[in-house]
Protein chains: 2
Amino acid sequence: MKKGHQVTMKEIAKKLGVSVSTVSRALKDSPELHEETKRKIVETAKEMNYQPNLLAQSLRISRTKTLGVIVPEITSHFFASCISGIQDFANKRGYNVMICQSNESIDQEIANIKTLVASQVDALMISLSRETNHYEHLFELYNREIPFVLFDRVHEDIPVSKVTFNDAGGAYQVTNHLLETGCRSIVYVSGPEDLYISKKRKEGYLKALREYGIEENPDFIKVTDLTEADNIRIAKEIAAMNPLPDGVFCMIDPLAVDVLTYWKSVGIKVPEQIALAGFTNNPTSGVVEPPLTTVSQPGYEMGKLAVSHLLDQLDGLVSDDPISIVLDTTLVPRKSSQRSI
Amino acid sequence: MKKGHQVTMKEIAKKLGVSVSTVSRALKDSPELHEETKRKIVETAKEMNYQPNLLAQSLRISRTKTLGVIVPEITSHFFASCISGIQDFANKRGYNVMICQSNESIDQEIANIKTLVASQVDALMISLSRETNHYEHLFELYNREIPFVLFDRVHEDIPVSKVTFNDAGGAYQVTNHLLETGCRSIVYVSGPEDLYISKKRKEGYLKALREYGIEENPDFIKVTDLTEADNIRIAKEIAAMNPLPDGVFCMIDPLAVDVLTYWKSVGIKVPEQIALAGFTNNPTSGVVEPPLTTVSQPGYEMGKLAVSHLLDQLDGLVSDDPISIVLDTTLVPRKSSQRSI
DNA sequence: CTGTTAGCGCGTTCAG
DNA sequence: CTGAACGCGCTAACAG
């Protein structure tokens with residue numbers, strides 16, 4: 001299949017017997033043009049359904065007005081929300097967006113960066129894959145002076161702006177909530193330990209415990225690789241503890257849902273026997289039975305802030321010095337942690 | 001912030017004292033080159049970290065190897081799955097993807113088409129917004145000979161390839177299932193009536209009833225605009241029917257979940273008093289209580305098929321004649337329709 | 001085997 | 001007020 005021909009300035013110039021530069025000037029409403037010829041040109045341009053070729057334009061000014069975005073998983077509701085925020089505010093400022101997903105693979109992440117850079121995007125917005133444990137590709141971007149920001153899944157050592165949630169704070173909120181409702185033996189279920197968010201949320205968990213004078217107990221910290229199978233393994237492990245803990249804080253909602261589902265299948269009652277809480281406030285979390293206590297992270301807002309800051313930097317509205325934007329989370333208490341005190 | 005400079009063929013040509021075309025040839029491994037100079041060029045290109053400028057390349061060959069995708073809502077799990085499938089298979093064939101969302105607005109849809117076309121995408125993949133009720137913009141694409149396909153939310157009169165689900169078939173499956181489990185007074189809750197899928201699903205619903213010798217009853221067909229408020233209005237309306245219907249088929253899962261949530265709040269038991277079923281198999285539907293009977297629509301698969309067919313057409317592997325690809329759905333029976341017969 | 005020339009579509013000199 | 005010439009980065013046809 002061959003693409004239909006697009007009208008160029010050249011053609012409308014020929015049709016009107018003027019030069020291409022005159023057409024160019026008329027189309028950008030240059031003041032130094034005879035009103036009559038200008039009108040004529042604009043009119044026939046419309047008539048011929050002329051659309052400027054952004055490619056040629058970009059090549060000329062060496063700016064594409066396009067941003068590249070890389071997320072681990074587009075099907076995750078959280079990242080989809082981020083993208084939505086990014087798109088809306090990028091468009092508002094005249095930028096387009098190219099989206100890639102790394103599928104949680106560092107190789108794919110590197111490949112994505114490569115194609116986006118080859119496509120001459122003006123800047124990148126990256127949320128790192130779960131697998132990313134070395135950072136040469138990011139340092140290379142930095143060294144090549146290609147502007148980019150990191151959001152949500154960041155790495156601290158890279159000298160660029162970062163937008164994150166106050167993960168420690170959110171974990172503190174939810175652990176504190178469990179403590180307030182009377183829990184005293186609280187398990188933390190963590191994702192892969194080298195993940196930034198795993199660490200930060202553990203920090204908040206421990207801080208809340210400390211404030212209640214409860215000391216850290218290694219047996220109460222479990223680690224899953226976040227696959228369903230491994231999540232269920234953890235759920236079993238907790239179910240076998242004697243005595244049962246009275247509260248469980250899962251690092252992320254889908255994990256909590258897996259645990260809850262397993263427990264329901266073996267007759268463990270939430271919240272009567274164990275209070276349960278997650279993190280992120282996925283749409284799913286509000287409709288499980290019982291509804292899951294969690295912490296909400298507004299993805300749309302994160303996307304909006306990240307892109308706005310990046311464009312501010314690109315447009316020279318703010319300094320290029322990297323900054324760190326930290327968004328607050330909100331506790332969403334639901335039935336899964338509602339214990340009689 | 002200014003973007004770092006990218007190495008061009010010109011620079012590596014200068015450095016080596018050869019012409020730009022020689023560099024070009026070396027880089028694409030042309031056979032008619034002295035092995036030694038070729039080696040030398042490739043080597044220093046690597047050294048200088050040369051990356052070809054896709055923009056210039058595209059301008060030259062007037063093909064961008066980029067596809068434009070427009071979906072109503074990127075945060076919908078179904079459309080996110082479609083996008084995922086599109087991306088994976090587009091990349092596999094050397095194409096990039098630019099994604100836009102119309103936010104269910106026809107004006108945004110038109111604007112998206114415009115920017116994607118201006119960006120010189122080689123083809124478009126469009127799923128229409130809920131609001132789209134006239135089609136000039138699509139006919140214009142067609143007249144301008146810009147290749148595109150429609151998927152999921154299609155309009156029949158446009159002479160391009162379409163990929164859809166067998167909506168009538170799916171509705172038939174689920175209605176038939178309700179009938180088999182003993183329901184005899186089944187309400188169909190429809191979305192906006194001019195929506196293609198509203199009509200098709202109603203067709204399937206009516207066909208199943210007919211086969212059981214049950215005649216159409218207008219009181220048993222409700223219409224919502226799919227906002228939460230309106231969904232709840234319908235839930236109330238059904239709850240007030242006397243006698244209660246014994247089964248309800250909601251056109252789409254989120255609607256069914258809204259209805260279920262309301263009923264639970266007023267003490268109506270599902271499936272004991274009313275069997276309930278939805279459509280689409282959202283992740284949410286499997287975890288509500290009771291789990292929702294529904295019909296699964298594999299979005300990833302749809303994206304994959306749509307993009308593969310489009311690229312086949314672009315690459316001349318199949319005829320340009322429009323075809324219609326219809327994907328089958330699968331009944332997912334769950335507890336919400338599990339009645340003792 | 002390699003350099004020169006031309007042109008993709010556009011915008012910006014620099015001349016008239 | 002308008003046209004001709006040049007260059008963005010790259011490739012291909014045409015000469016040597």
Side-chain angles (χ1 to χ4, degrees), chain A residues 2-42 44-45 48-66 115 117-122 144, chain B residues 2-42 44-45 48-66 115 117-122 144:
Chain A
K2 55 174 190 293
K3 244 181 76 180
H5 177 70
Q6 308 276 27
V7 179
T8 71
M9 298 201 324
K10 196 177 181 178
E11 299 173 58
I12 105 161
K14 197 166 88 184
K15 182 159 191 172
L16 261 53
V18 295
S19 83
V20 186
S21 25
T22 304
V23 175
S24 170
R25 281 188 271 251
L27 259 27
K28 59 187 331 228
D29 202 28
S30 160
E32 40 169 317
L33 263 204
H34 195 60
E35 271 306 325
E36 179 55 18
T37 54
K38 190 196 287 189
R39 202 191 47 69
K40 192 84 186 163
I41 291 172
V42 171
T44 61
M48 296 175 73
N49 203 355
Y50 168 78
Q51 298 282 112
N53 183 327
L54 254 47
L55 232 59
Q57 232 164 248
S58 299
L59 183 61
R60 175 98 195 27
I61 62 177
S62 37
R63 282 207 335 182
T64 52
K65 287 265 189 179
T66 298
T115 51
V117 168
S119 300
Q120 309 294 116
V121 294
D122 289 345
R144 292 179 64 181
Chain B
K2 55 176 193 291
K3 244 181 75 178
H5 177 70
Q6 308 275 28
V7 179
T8 71
M9 299 202 325
K10 197 179 182 178
E11 299 174 57
I12 105 158
K14 199 166 88 182
K15 183 159 191 171
L16 261 53
V18 296
S19 84
V20 185
S21 27
T22 306
V23 176
S24 171
R25 280 187 272 248
L27 260 26
K28 58 188 331 229
D29 201 29
S30 159
E32 40 170 316
L33 263 205
H34 195 60
E35 271 305 326
E36 179 56 15
T37 55
K38 189 195 288 187
R39 201 191 48 69
K40 192 83 186 164
I41 289 173
V42 171
T44 62
M48 297 176 71
N49 203 355
Y50 168 79
Q51 298 283 114
N53 184 327
L54 254 50
L55 233 60
Q57 230 165 254
S58 298
L59 182 60
R60 181 76 187 54
I61 63 178
S62 33
R63 282 205 338 179
T64 52
K65 287 263 190 180
T66 299
T115 52
V117 168
S119 299
Q120 309 294 118
V121 293
D122 289 346
R144 293 179 63 182

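A note on names: the letters A, B, ... follow the listed sequences, proteins ahead of strands, and every chain is numbered from 1.
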Nearest whole Å is fine: how far is [N] [atom2] from [X] [atom1]?
| X | N | atom1 | atom2 | answer |
| --- | --- | --- | --- | --- |
| B:Gln6 | D:dC8 | CD | P | 15 Å |
| B:Leu27 | D:dG9 | CG | P | 15 Å |
| A:His34 | D:dT2 | NE2 | P | 7 Å |
| B:Leu59 | C:dG7 | CG | P | 14 Å |
| A:Ile41 | D:dC1 | CD1 | P | 13 Å |
| A:Leu55 | C:dG7 | CG | C1' | 15 Å |
| A:Gln57 | D:dC8 | CD | C1' | 13 Å |

Ignoring hydrogens and geometry, is there a side-chain-to-backbone donor-acceptor pair from B:Ser24 to B:Val20 under 3.5 Å?
no
Does the B:Thr44 side chain pair with the main chain of B:Ile41, one donor and one acceptor, at a distance under 3.5 Å?
yes
For C:dG9, take OP1 and OP2 only and decide whether either is under 4.0 Å from a side-chain N or O of B:Ser62.
no
side-chain contact (heavy atoms from CB on, under 4.5 Å) evaluation trace for A:Val7 with A:Ile12
CA-CA 8 Å; A:Val7 179; A:Ile12 105 161; 3.8 Å; yes
Quick one, B:Gln51 with B:Asn49, criterion side-chain contact (heavy atoms from CB on, under 4.5 Å). Give me CA distance, side-chain angles, the key distance, then yes/no.
CA-CA 6 Å; B:Gln51 298 283 114; B:Asn49 203 355; 4.1 Å; yes
List the steps and the verdict of salt bridge (Lys or Arg N to Asp or Glu O under 4.0 Å) for A:Glu35 and A:Lys38.
CA-CA 5 Å; A:Glu35 271 306 325; A:Lys38 190 196 287 189; 3.8 Å; yes
Helix axis bend for the helix from C:dC1-D:dG16 to C:dG16-D:dC1 - C1'-based end axes, five pairs, 10° rounding:
60°
Can you tell which of D:dA4, D:dC10, C:dT4 lies closest to the side chain of B:Ser19?
C:dT4
Going by heavy atoms closer than 4.0 Å, what residues in residues 8-18 of chain B are next to DNA chain D?
B:Thr8, B:Met9, B:Lys10
Could you list, one pair per line, each protein nitrogen or oxygen that sits under 3.5 Å from a nitrogen or oxygen of nucleotides 12-16 of chain D, together with the distance?
residue, atom, partner, partner atom, Å
D:dA12, OP2, B:Lys28, NZ, 3.1
D:dA12, O4', B:Arg60, NH2, 3.2
D:dA13, N6, B:Arg25, NH1, 3.3

Taking NZ in A:Lys15 as the centre, count heavy atoms belonging to other residues, nucleotides or ligands within less than 6.0 Å. Is the count above 12?
no
